[in-house]
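Data block below; observations after.
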Amino acid sequence: MSATTKPTAKQVAHAAGVSISAVSRAFSPTAPINPEKRKRILAAAEAIGYISPARRTAEVIAEGTITLVAGDLLNPFYPTVLDLLARRLQESGRQLVVYALPANSDVDAATDQILASRPSAVIVTSAQLTSKMARACRQHQIKVVLLNRVQRDIRINAVACDNYQGGRDVARLLLERGHRKIGFIGGIANTSTHAERARGFREVLAEAGNSIHAQSLGDFEYRGGYLAGQTLLSMTEPPSAIFCCNDIMALGLIDVARERGVRVPDDLAVIGFDDIPMASWNAYRLTTVRQPVELMVQEALSLIDDPNIKPTDDGITRMLSGSLTLRNSA
């Protein structure tokens with residue numbers, strides 16, 4: 001067999017001592033065939049380097065495919081990211097495959113499916129990446145980029161807004177506007193987005209001799225922000241300002257305030273983080289920290305496309321500046 005001739009199904013059949021139709025059935029997971037015969041055929045195919053037509057087609061498709069793993073598509077921030085990413089990939093002749101996982105879950109449950117689809121790269125947004133998934137992608141030479149989160153312990157490429165600085169900017173604004181009873185509604189405590197926004201916020205308050213007056217967690221969800229708002233606004237001395245760790249929780253808080261006759265911003269200043277489309281609606285006009293979503297997507301794709309960055313390298317983290325966007329809520 002010459003070096004340029006591709007092995008054929010006929011050659012596999014001859015090597016395994018079976019018919020050509022048996023070779024075809026062996027490469028179809030649902031086709032009826034004796035397990036031992038299937039095993040013998042696949043071993044013969046591997047020995048001579050045969051690749052089935054279906055696998056060749058899958059590899060051609062996968063070459064231009066990027067898999068997005070998301071765990072919180074109910075948060076309007078992530079559909080915005082999804083839409084932008086899909087458009088950018090379409091412009092470059094590539095396609096996007098989306099794995100939507102239950103909120104707050106890790107990607108281990110989908111690892112086998114993701115690897116079986118042989119994507120050229122994986123982008124993980126709100127799902128929790130584990131060391132198991134990171135190690136599996138390295139072994140299969142698949143690049144991974146975290147988007148809007150950082151996990152330094154597993155040495156993975158990441159692109160994120162500077163959440164720490166954003167938290168500091170919010171605290172400074174509230175202090176400059178005379179607030180002293182300042183509350184905080186966090187998201188999910190073990191995520192980098194929550195931790196860094198909270199850290200920056202607390203540090204500036206501490207530098208001014210202040211501290212968080214009252215706080216609660218809202219799980220980065222509208223209902224969570226609504227319930228946390230009920231708790232904080234029911235206090236004997238409620239906060240005069242509240243920083244919410246993302247916009248959707250801030251919208252829940254504003255709705256609670258309206259129901260209770262609390263005027264925003266006269267009685268209560270509210271600031272969010274992300275700048276989702278609803279933040280600019282006339283019903284809310286939310287002051288927030290705008291994440292540079294377009295630049296974040298661009299940087300994530302540049303990490304994937306850079307030939308000098310290998311899947312086995314230590315992770316590169318690119319931190320991008322957000323911008324405080326002033327509207328009517330604070």
Legend entry - Asn34, Ile41, Leu42 screened by side chain to side chain contact (heavy atoms under 4.5 Å, CB included) with Arg38, the one that passes: Leu42
Sequence-distant partners of [X], salt bridge (charged side-chain N to carboxylate O under 4.0 Å, His left out), two or more places apart:
X      : value
Arg177 : none
Glu91  : Arg88
Glu176 : none
Glu207 : Arg168

Legend entry - Summary of ring-ring contact (aromatic ring centres under 6.0 Å, His included) pairs that have at least one residue in residues 241-264, sequence neighbours excluded: Phe184-Phe243, Phe201-Phe243
Inset, instruction - Would you mind listing every ring-ring contact (aromatic ring centres under 6.0 Å, His included) that reaches into residues 295-330, with sequence neighbours excluded? - result: none
Kindly give the heavy-atom pair with the smallest separation between [X] and [Y], and that separation in Å.
X      : Y      : value
Val264 : Ala257 : CG2-CB, 3.9 Å
Ser280 : Pro277 : OG-O, 3.0 Å
Lys37  : Ala22  : CD-CB, 4.4 Å
Gln215 : Ile212 : CB-CG2, 3.9 Å
Arg318 : Ser302 : NH1-OG, 2.8 Å
Ala250 : Val270 : CB-CG1, 3.9 Å

Inset, instruction - Sorted by first residue and then second, give each salt bridge (Lys or Arg N to Asp or Glu O under 4.0 Å) pair with at least one member in residues 187-198; sequence neighbours left out. - result: Glu196-Arg199, Arg197-Asp274
With a 3.5 Å distance limit and no angle check, can you tell me whether [X] reaches the backbone of [Y] through a side-chain donor-acceptor pair?
X      : Y      : value
Lys143 : Ile304 : yes
Asp162 : Leu320 : no
Ser240 : Asp267 : no
Ser216 : Ala228 : no
Asn282 : Arg285 : no
Lys310 : Pro307 : yes
His179 : Ala269 : no

Within-4.5 Å side-chain heavy-atom neighbours: [X] and [Y]:
X      : Y      : answer
Phe273 : Arg290 : no
Leu146 : Val159 : no
Leu68  : Val97  : no

Inset, instruction - Return yes if a side-chain donor-acceptor contact under 3.5 Å exists between Asp83 and Tyr78, otherwise no. - result: no
Legend entry - Audit row: Leu233, Gln230, side chain to side chain contact (heavy atoms under 4.5 Å, CB included) steps and yes/no: CA-CA 5 Å; Leu233 296 182; Gln230 287 183 322; over 6 Å; no
Legend entry - Residue pairs, two or more places apart or on separate chains, that pass side-chain hydrogen bond (donor to acceptor under 3.5 Å, both in side chains) and touch residues 319-330: Asp275-Arg327
Legend entry - Common cluster, Tyr226/Ile242, ILVMFWY with side-chain heavy-atom separation under 4.5 Å: yes
Inset, instruction - May I ask you to check whether over 12 heavy atoms, not counting those of Glu259, lie within 6.0 Å of atom CD? - result: yes
Legend entry - side-chain hydrogen bond (donor to acceptor under 3.5 Å, both in side chains) assessment of Ser120 paired with Arg94: CA-CA 10 Å; Ser120 58; Arg94 290 178 284 183; 5.7 Å; no
For [X], enumerate each residue passing the side chain to side chain donor-acceptor pair (under 3.5 Å) test, keeping only those at least two apart in sequence or located in another chain.
X      : value
Asp169 : Gln165, Arg172
Ser234 : Arg260
Ser24  : none

Legend entry - Single hit among Thr193, Asp247, Thr80, Asn148 for side chain to side chain donor-acceptor pair (under 3.5 Å) with Gln291: Asn148
Inset, instruction - List, by chain and number, the other hydrophobic cluster members for Met319, where Ile, Leu, Val, Met, Phe, Trp and Tyr join if side-chain heavy atoms come within less than 4.5 Å, directly or indirectly. - result: Val150
